[in-house]
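Step one of this worksheet: look at the structure below.
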Amino acid sequence: MRKPYVRPMTGWWKRDPFFVVYMWREATSLAVAAYAIVLVVGVLRLAQGQAAFDGWLQALRSWPSILFHLVLLAAMVIHAVSWFKIMPKTMPMMFVGGERVAGETITRAGFAAAVAAALALFVVAWMFKP
Amino acid sequence: MTSRPPPRRSHAPIFWGLFGAGGMLSALLGPMLVLITGVLVPMGLLLPADFMSYPRMLAFAQNLLGKAFLFFVIALFAWHAAHRIYYSLHDVGIPAGPGARLLCYGAAMLVTLVAGGSLLMVGT
């Protein structure tokens with residue numbers, strides 16, 4: 001009976017640091033999903049009235065929730081950084097004056113845009129604080 | 001002369017588009033949103049603890065711009081994550097297929113519908 005050798009693939013990504021980074025990068029999408037769920041529950045509770053929404057707010061104030069959001073925050077930062085790091089490879093080639101725009105330039109522009117957007121969001125929140 | 005049937009178009013670009021839009025939005029705003037709603041406001045740091053009180057959030061969700069902001073953030077984050085998780089399942093040994101697709105995109109659709117329905121319910 002022939003018994004072909006099947007190369008085991010479990011834990012394949014641990015073989016190479018490049019793959020480990022890749023897996024972490026992909027895993028950050030779980031944080032994006034988790035945050036979408038946190039927000040959609042909040043919006044649902046908002047529609048259900050004050051008592052329901054206050055319960056959601058109360059849950060956000062608990063220590064487990066704050067620790068969870070600190071983990072989400074770290075994952076969101078990795079998510080954003082990796083997004084702009086791979087952007088030169090995912091977007092169409094850009095040319096300025098006949099020269100191809102360097103990947104590093106695109107990544108730096110992305111980082112700058114992200115920092116500006118984050119600051120702008122904070123300033124808007126600050127302006128609307130009670 | 002027989003007319004040829006129209007070519008079958010792939011629906012993949014739609015999901016790629018949602019993935020890209022959600023990726024960009026989450027890269028630009030995700031970290032600060034998590035920081036504000038999950039850490040600063042709950043702890044009362046920099047922003048007061050009643051920043052997200054019921055009347056304020058109700059007014060925000062009733063405002064058309066606020067409504068659109070909440071809807072796009074929630075829906076695009078969900079579609080971005082669903083698309084990415086769907087393709088990552090392959091890497092952890094779960095083959096991509098109708099079941100995995102239904103689970104991932106179905107979850108994103110559910111999040112979208114709940115967000116849309118809730119935001120309609122709060123009125124204007």
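- With a threshold of 4.5 angstrom between heavy atoms, B:Leu76 does not approach chain A through any atom at all.
- Contacts of B:Leu120 with chain A are absent, with no heavy-atom separation under 4.5 Å from either backbone or side chain.
- Under the 4.5 Å side-chain contact rule for hydrophobic residues, A:Leu44 and B:Phe72 share a cluster.
- One finds the CE atom of B:Met32 at 6.5 Å from the CG atom of A:Leu121 (value rounded to the nearest 0.5 Å).
- Cluster membership check: B:Leu25 does not share its hydrophobic cluster with A:Ile86, using side-chain heavy-atom separations under 4.5 Å among Ile, Leu, Val, Met, Phe, Trp and Tyr.
- Of the residues considered (B:Ser88, B:Ser26, B:Gly23), B:Gly23 shows the highest number of contacts with chain A, using heavy-atom pairs under 4.5 Å.
- A:Leu60 and B:Pro42 get closest at one heavy-atom pair: O-CB, 3.4 Å.
- Distance CG/B:Leu35 to CG/A:Leu72: 11.5 Å, rounded to 0.5 Å.
- Contact between B:Arg56 and A:Lys129 at its shortest, heavy atoms only, is NH2-CA, 3.9 Å.
- There is no contact between B:Thr112 and chain A, counting heavy-atom distances below 4.5 Å.
- Residue A:Leu73 comes nearest to B:Pro31 through the heavy atom pair CD1-O, 3.2 Å, listed as atom of the first residue, atom of the second, then distance.
- Nearest heavy atoms, A:His69 versus B:Val34: O-CG1, 3.4 Å.
- Heavy-atom pairs under 4.5 Å with chain A were tallied for B:Gly44, B:Gly20, B:Ala49; the largest tally goes to B:Gly20.
- Proximity of A:Arg45 to B:Met57: side-chain heavy atoms (C-beta onward) are nowhere separated by under 4.5 Å.
- Placement of B:Leu29 and A:Ile78 in two distinct hydrophobic clusters is found when ILVMFWY residues are connected by side-chain heavy-atom separations under 4.5 Å, directly or transitively.
- The greatest number of non-hydrogen atom pairs below 4.5 Å with chain A, out of B:Leu28, B:Leu40, B:Val114, is found for B:Leu28.
- Considering OH of B:Tyr54 and CG of A:Asp54, their distance stands at 9.0 Å, rounded to 0.5 Å.
- At a threshold of 4.5 Å between side-chain heavy atoms, the hydrophobic network of Ile, Leu, Val, Met, Phe, Trp and Tyr places B:Phe69 and B:Leu18 in one connected group.
- More than 12 heavy atoms of other residues, nucleotides or ligands sit less than 6.0 Å from atom CZ of A:Phe95.
- Rounded to the nearest 0.5 Å, atoms OG (A:Ser29) and OH (B:Tyr86) are 14.5 Å apart.
- If you measure heavy-atom distances from B:Ile36 to chain A, the contacts under 4.5 Å come from the side chain alone.
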Check step by step if side chain to side chain contact (heavy atoms under 4.5 Å, CB included) holds for A:Phe53 and B:Leu58.
CA-CA 10 Å; A:Phe53 188 74; B:Leu58 188 65; over 6 Å; no
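- For a residue to count as touching a neighbouring chain, one of its non-hydrogen atoms must lie under 4.5 Å from one of that chain's; by this rule B:Val41 does not touch chain A.
- Residue-environment remark: CH2 (A:Trp12) exceeds the threshold of 12 foreign heavy atoms within 6.0 Å.
- Ring geometry for B:Phe77 against A:Tyr35 counts as tilted: the plane angle lies between 30° and 60°, on a 0 to 90° scale.
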Show the numbers, then the answer: is there a side chain to side chain contact (heavy atoms under 4.5 Å, CB included) between B:Leu70 and A:Leu39?
CA-CA 8 Å; B:Leu70 288 170; A:Leu39 288 187; 5.7 Å; no
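- With a threshold of 4.5 angstrom between heavy atoms, A:Leu57 approaches chain B through side-chain atoms but not through N, CA, C or O.
- In terms of heavy-atom pairs under 4.5 Å with chain A, the best-connected choice from B:Val92, B:Val73, B:Val39 is B:Val39.
- Contacts between A:Trp126 and chain B at a heavy-atom distance below 4.5 Å involve backbone atoms as well as side-chain atoms.
- Considering all non-hydrogen atoms of both residues, A:Ala33 and B:Ile85 come closest at CB-CD1, 4.3 Å.
- Across A:Pro130 and B:Phe51, no two heavy atoms sit closer than the pair CD-CD1, 3.9 Å.
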Before you tell me yes or no, could you show the steps for A:Tyr22 and B:Asp91 under side chain to side chain contact (heavy atoms under 4.5 Å, CB included), namely the whole-Å CA-CA distance, both residues' side-chain angles and the distance that decides it to 0.1 Å?
CA-CA 10 Å; A:Tyr22 164 79; B:Asp91 298 325; 2.5 Å; yes
May I have the step-by-step check of side chain to side chain contact (heavy atoms under 4.5 Å, CB included) for A:Trp63 and B:Met43, ending in yes or no?
CA-CA 9 Å; A:Trp63 275 108; B:Met43 293 182 74; 3.9 Å; yes
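- Residues B:Trp79 and B:Leu89 do not share a hydrophobic cluster, clusters being chains of Ile/Leu/Val/Met/Phe/Trp/Tyr side chains in contact below 4.5 Å.
- Taking chain A as the reference chain and counting heavy-atom pairs below 4.5 Å, the highest number among B:Ala115, B:Ala81, B:Ala107 is found for B:Ala81.
- Interface check for chain B: of the options A:Phe122, A:Trp83, A:Phe84, the most heavy-atom pairs under 4.5 Å are formed by A:Trp83.
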